[in-house]
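Just so it is clear, the values below take in all heavy atoms, side chains as well, and ignore hydrogens, waters and symmetry mates. Labels below follow one simple rule: chain letters A, B, ... track the order of the sequence lines, proteins then strands, and each chain is numbered from 1.
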Number of protein chains: 4
Amino acid sequence: MKKNKPKYKQIIDAAVVVIAQHGYHQAQVSKIAKQAGVADGTIYLYFKNKEDILISLFEEKMQLFIENISDFIEGDYSPSEKLLKMIENHFKILSSDHNLAVVTQLELRQTNKDLRLKINSVLKEYLTLVDKIIREGMETGEFDPELDVRLVRQMIFGTVDETVTTWVMNEGKYNLVSLAAPVHHLIINGCGRKKAV
Amino acid sequence: MKKNKPKYKQIIDAAVVVIAQHGYHQAQVSKIAKQAGVADGTIYLYFKNKEDILISLFEEKMQLFIENISDFIEGDYSPSEKLLKMIENHFKILSSDHNLAVVTQLELRQTNKDLRLKINSVLKEYLTLVDKIIREGMETGEFDPELDVRLVRQMIFGTVDETVTTWVMNEGKYNLVSLAAPVHHLIINGCGRKKAV
Amino acid sequence: MKKNKPKYKQIIDAAVVVIAQHGYHQAQVSKIAKQAGVADGTIYLYFKNKEDILISLFEEKMQLFIENISDFIEGDYSPSEKLLKMIENHFKILSSDHNLAVVTQLELRQTNKDLRLKINSVLKEYLTLVDKIIREGMETGEFDPELDVRLVRQMIFGTVDETVTTWVMNEGKYNLVSLAAPVHHLIINGCGRKKAV
Amino acid sequence: MKKNKPKYKQIIDAAVVVIAQHGYHQAQVSKIAKQAGVADGTIYLYFKNKEDILISLFEEKMQLFIENISDFIEGDYSPSEKLLKMIENHFKILSSDHNLAVVTQLELRQTNKDLRLKINSVLKEYLTLVDKIIREGMETGEFDPELDVRLVRQMIFGTVDETVTTWVMNEGKYNLVSLAAPVHHLIINGCGRKKAV
DNA sequence: CATGAATGAGGATTCATTCAT
DNA sequence: GATGAATGAATCCTCATTCAT
C-alpha cells in the first residue's frame, strides 16, 4: 500500500505548503517535488497524476475531521451537543493549520468542475455524519420533526464553510474557535427572537 | 459609454453561454467572440482583457439581484418578509437562467485569487443589503437583538449559496424556488424544535 | 500631388515625433494619426501603407541634407573643404533636430531588411555626392589618386554615421558640430603620425 | 554550466541559420527549435527567453573575434600591424560565415532598443581592445599623439562596420578579406595624398 | 526505486488595414 | 475628402508527464 510509505504523506504535506504559499495556479508539480525533497518523476510513482495529488490530499485531511468526531458521535451526547462539538472540531482543525485552511477554503476551489465533483464525493462521508445527527435530533424531538434533512445539512455546512472562508479571507485576524458557540446557537435557533417560554 | 452599446451586453451574454457550456478553462476568447458573432479583436474594443469580461459579467448580472430587491427593501414589509423575498428573488433569477447559475456557482470560482477578490468587492453591495435587513430586524425586535450581524449574514449567504450550488450540482433536478420558504424558515427559526407558545 | 498637401507633411512630422518618443515598435499608425490630428483612415489617403510613411519620411528629410550642400558642391571650394562643409552640414542638421537624429540613427534601423534596402536606395543620391567629391579630389591631386572610391566613401560615411550614433546614444551630452573638424582631419590624414614635410 | 552542454551551441547555431534564412521577424522560436532538432520547450531549458537566445548568440560569436586577436594583441607587433591583423580577422570571420554576417550586420539591428543596448555592452570588450591599440600607437609615436581616442575608435569601427555591411548588402559578390589592407591604409593615412617623404 | 532532461500542445492579445457612412 | 469601428492573423512560453539511465 503506497499510502503507508513515508514519501506518500511527505508529498501531500509538500503540496499543502506549496499551494498555500504560492497559490493553486503556481503550484507546479516540480515545485511540490522540490518541497518534498524528491525528483519530479518520483511523484508519479505515488500518484497517478497531479489531480490525484489533490484528491488524495483532500482524502487524507478529511480523515482528520472524521476521526475526531467519530469518538463522540456514538457517545451519550444530545444531538445539539454533538453538533456543537462537530463545529468546534471543524474550527479547531482549520484554526490550527492555517496553510490547510487556505488550501481548502480558497485554493482548492479554483479547480475545474470535474475535480470539484470528485472532492465533493470525498466530502460526502463527512456530510453523512451531519445528516445522522440531524435525523437523531428529529427523532429525539430536540429538532423540529418537519425538517428537510438535506436543506438543514446545507444550512449547517453552508454556514460553517462561509464562516471559515470569511475568517481565512480576513487572514485569521480574529479567533475562529470562539465563534463555534454563536454559530451553533444560530443554527439551532435561527436569527428570530426566541419566543418567551 | 461602452456599457450601453449593444455589443457590450452581446459579448457578456456570449461569455455566460460559452463558460457554462465549455467550462471556465475552455472558454477561450475566440470562442466567446464566435458565440457573440464578432471578431476576436472586437472584444478588446469593449473590454480591457479577458479578466475584465468576467468582472463585467459579474457586475452586470449582480445588478439583476440588486435591482429587483431595491423595490421592496425600502417598502413596508417586515424584515422577515424582506428576507424571504430576497431569497425568493435569488432563487428565481438563478433558476430561470441555468447557464448563469453554472457560471456563478461553479465556473467563476475557478478564477485566481486576484479576480476573486474583485468579484467579492462587487458582491459587497449585495451583502450590505442583507446586513441592512438584519439590523432592521434587530431594531424592530423581530430578530434577536443580541445577534452578531456578520455571523448572521454569513449564515444567510452561506446557506443560500450552498443550497444553490447543491441544486446546480444536481443539475437542477428539483425545484429551487420552492425551497425559498423552508430555507427562510430555517434561517429564522433554526433547526431546533419550536417551543410551545 | 499629394506631397504638397498640408496633411502630407503633417503626418510625416507626426511620425518623427511619435517614433522618437515611443520608439519604432510602439509607433502604431493610430498613434501617428492622433499626433497628426487626423483619423486613422486618413493616413491611407496619403500613404500606401505604414512602410510608405517611413520611406517618405526618409525621402523628405534626406532632402534637407542634399539641398544645403548642393549650394557649395558646385562652388569654388577645394574637395577637402567641400568634405568639411558636408560633414558640418550633416552634424548641424541632426544636432538641431534631436527627434530626427533618434529616428534616423536608432529607430529606423530596427526595420526589416526590405525596408532598409529601400531606405538605402534613397540614401544613394547623398552618397553619390560624396563620391563626386572624392573623385574631384583624386583628379585635382589633393587626394591620393590610387584610392578605391567605394572604400573611401564607406570610410567617410561609416565614420560620420558612427560618430552621430554614438552622440545620440550618449543623449547629446556633448557638442556634435564641434567634432566636424577633427572627424574631417581624421578622414583626410588618418590616424597615422603626419610625416615631417 | 549550461553553456558547455552540446545543445546550447546547437540552438545558437540553429538561430543563426534560421535568422539568416528567414529574417529576424520570421525567426520564430519553433523554427529555431526545429532547425536545432529539439522540442520548443527544450529551448527554455537553456535560455530564459527569445531575447536571451539573441544576446547569447552575440556573446558566443563575439568570442570568436576576441579570442583570435588576443593572441597577437599582446605580441611584438607594431600598433599599425595589430590594427591590420584585427581588421583582417574581422573580415575573415564574417567572410567565412555568411549567415553570421547577415545576422550581425542586418538582422540583429532590427531588435528593440533594450536588446540593442545589451548587445552594445557585449561589444564593449571588443571596442576596448581597439582603444588599447590606438593608445599604444599614440605612445610609441606611430600614431598622431593628439588624437581623440573615442573619435578614432569610431572611425575605425564605423569604417570596418560600414564596409562589411555594404559587402553583405551586395550579397558577398566581391572578396571582403582583400579589402583589409586598403581599409587599413585608409585608416592610417586617410584619403589625403601622402606627402613626399 | 529514483532521477531529471526532454517533450509539445495550446491561447490571449495587438495593430495594420478596410470600408460603410 | 474624412472618419473610426471592426477585422483576424499570428506567436512566445509553460508545465504535466514520460522514460532512458
Side-chain angles (χ1 to χ4, degrees), chain A residues 2 5-7 11 25-34 36-54, chain B residues 2 5-8 10-11 22 25-34 36-54, chain C residues 2 5-7 11 25-34 36-54, chain D residues 2 5-8 10-11 25-34 36-53:
Chain A
K2 304 226 151 164
K5 300 204 178 167
K7 285 193 182 167
I11 290 166
H25 288 292
Q26 281 305 304
Q28 295 87 350
V29 171
S30 62
K31 224 177 245 167
I32 295 173
K34 197 171 185 181
V38 300
D40 294 16
T42 305
I43 299 265
Y44 291 86
L45 298 174
Y46 295 88
F47 300 91
K48 257 204 334 283
N49 50 36
K50 188 179 180 182
E51 189 174 271
D52 190 31
I53 306 178
L54 303 176
Chain B
K2 302 229 149 157
K5 297 199 182 171
K7 288 194 180 163
Y8 179 83
Q10 194 174 325
I11 291 166
H22 298 91
H25 287 293
Q26 281 304 307
Q28 295 89 346
V29 171
S30 62
K31 230 177 240 168
I32 296 173
K34 199 169 185 180
V38 301
D40 293 18
T42 305
I43 300 264
Y44 292 87
L45 297 176
Y46 294 88
F47 301 92
K48 261 207 325 287
N49 48 37
K50 190 179 178 180
E51 189 175 88
D52 191 30
I53 305 177
L54 302 175
Chain C
K2 304 226 148 165
K5 299 204 179 168
K7 286 194 181 166
I11 291 167
H25 288 292
Q26 281 304 307
Q28 295 88 348
V29 171
S30 63
K31 225 178 244 168
I32 296 174
K34 197 172 185 181
V38 301
D40 294 16
T42 304
I43 300 264
Y44 291 86
L45 298 175
Y46 294 89
F47 300 91
K48 257 206 331 285
N49 49 36
K50 189 178 180 181
E51 189 174 270
D52 191 30
I53 306 178
L54 302 176
Chain D
K2 304 230 149 157
K5 297 201 180 167
K7 288 196 180 162
Y8 179 82
Q10 195 173 326
I11 291 165
H25 287 293
Q26 280 304 307
Q28 296 88 346
V29 172
S30 62
K31 231 178 240 167
I32 296 174
K34 198 171 186 181
V38 300
D40 293 17
T42 306
I43 300 264
Y44 293 87
L45 297 177
Y46 294 89
F47 301 92
K48 262 205 327 285
N49 49 36
K50 190 180 178 181
E51 188 175 90
D52 190 31
I53 306 178

**Q** Considering heavy-atom distances to DNA chain F, does A:Gln28 or D:Lys50 have its closest nucleotide positioned more toward the 5' end?
**A**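 So the residue in question is D:Lys50.
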**Q** Examine E:dC15: is either OP1 or OP2 under 4.0 Å from a nitrogen or oxygen in the side chain of C:Lys31? Give yes or no.
**A** no
**Q** For the pair made of OH in D:Tyr8 and P in E:dA6, what is the distance, rounded to whole Å?
**A** 15 Å
**Q** Roughly, in whole Å, what's the span from NZ in D:Lys34 to P in F:dC12?
**A** 15 Å
**Q** Heavy atoms within less than 4.0 Å of DNA chain F: which residues of residues 37-47 of chain D have one? Give them sorted by number.
**A** D:Asp40, D:Gly41, D:Tyr44
**Q** Starting from the C-alpha separation in whole Å, work towards a yes-or-no answer on side chain to side chain contact (heavy atoms under 4.5 Å, CB included) for B:Lys31 and B:Gln26.
**A** CA-CA 9 Å; B:Lys31 230 177 240 168; B:Gln26 281 304 307; 3.9 Å; yes
**Q** Within this structure, what is the CD1-CD1 distance for the pair D:Ile43 and D:Ile32, rounded to the nearest 0.5 Å?
**A**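 These two atoms lie 6.0 Å from each other.
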**Q** Reckon B:Val29 touches a base, only the sugar-phosphate, or nothing at all at heavy-atom distances under 4.0 Å?
**A** base
**Q** Take the protein atom CD1 of C:Ile11 and the nucleotide atom C1' of F:dG1, then report the distance between them rounded to whole Å.
**A**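 Roughly 12 Å, once rounded to whole Å.
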**Q** Across all strands shown, which nucleotide pairs with E:dA12 by Watson-Crick or G-U wobble geometry, both distances under 3.5 Å?
**A**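 Across any shown strand, E:dA12 pairs with F:dT11.
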**Q** When rounded to the nearest 0.5 angstrom, what distance separates CG in B:Asp52 from NZ in B:Lys50?
**A**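 B:Asp52 CG to B:Lys50 NZ: 13.0 Å, rounded to 0.5 Å.
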**Q** I need the CD1-C1' distance between D:Ile32 and E:dG8, as an integer number of Å.
**A**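 So the two atoms are 17 Å apart, to the nearest Å.
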**Q** Would you classify A:Lys7 as touching base, sugar-phosphate or nothing, given that sugar-phosphate means primed atoms plus P, OP1 and OP2, and contacts are heavy atoms under 4.0 Å?
**A** sugar-phosphate
**Q** Provide the closest heavy-atom pair for C:His25 versus C:Gln28 in the form atom of the first, atom of the second, distance.
**A** O-NE2, 4.4 Å
**Q** If I take atom CD in residue C:Glu51 and atom P in nucleotide E:dA16, what distance separates them, rounded to the nearest angstrom?
**A**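 So the CD-P distance, C:Glu51 to E:dA16, works out to 13 Å.
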**Q** Rounded to whole Å, how long is the line connecting atom NE2 of B:His25 with atom C1' of E:dG11?
**A** 14 Å
**Q** Which value, rounded to the nearest 0.5 Å, describes the distance between A:Phe47 atom CZ and A:Tyr44 atom OH?
**A**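 OH of A:Tyr44 is found 11.0 Å from CZ of A:Phe47.
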**Q** Is E:dA20 paired to anything, Watson-Crick or G-U wobble with both distances less than 3.5 Å, and if yes, which nucleotide?
**A** F:dT3
**Q** May I ask you to evaluate whether D:Gln26 reaches the phosphate of F:dT11, defined as a side-chain N or O under 4.0 Å from OP1 or OP2?
**A** yes
**Q** Using whole Å, report how far CG of D:Asn49 lies from P of F:dC12.
**A** 11 Å
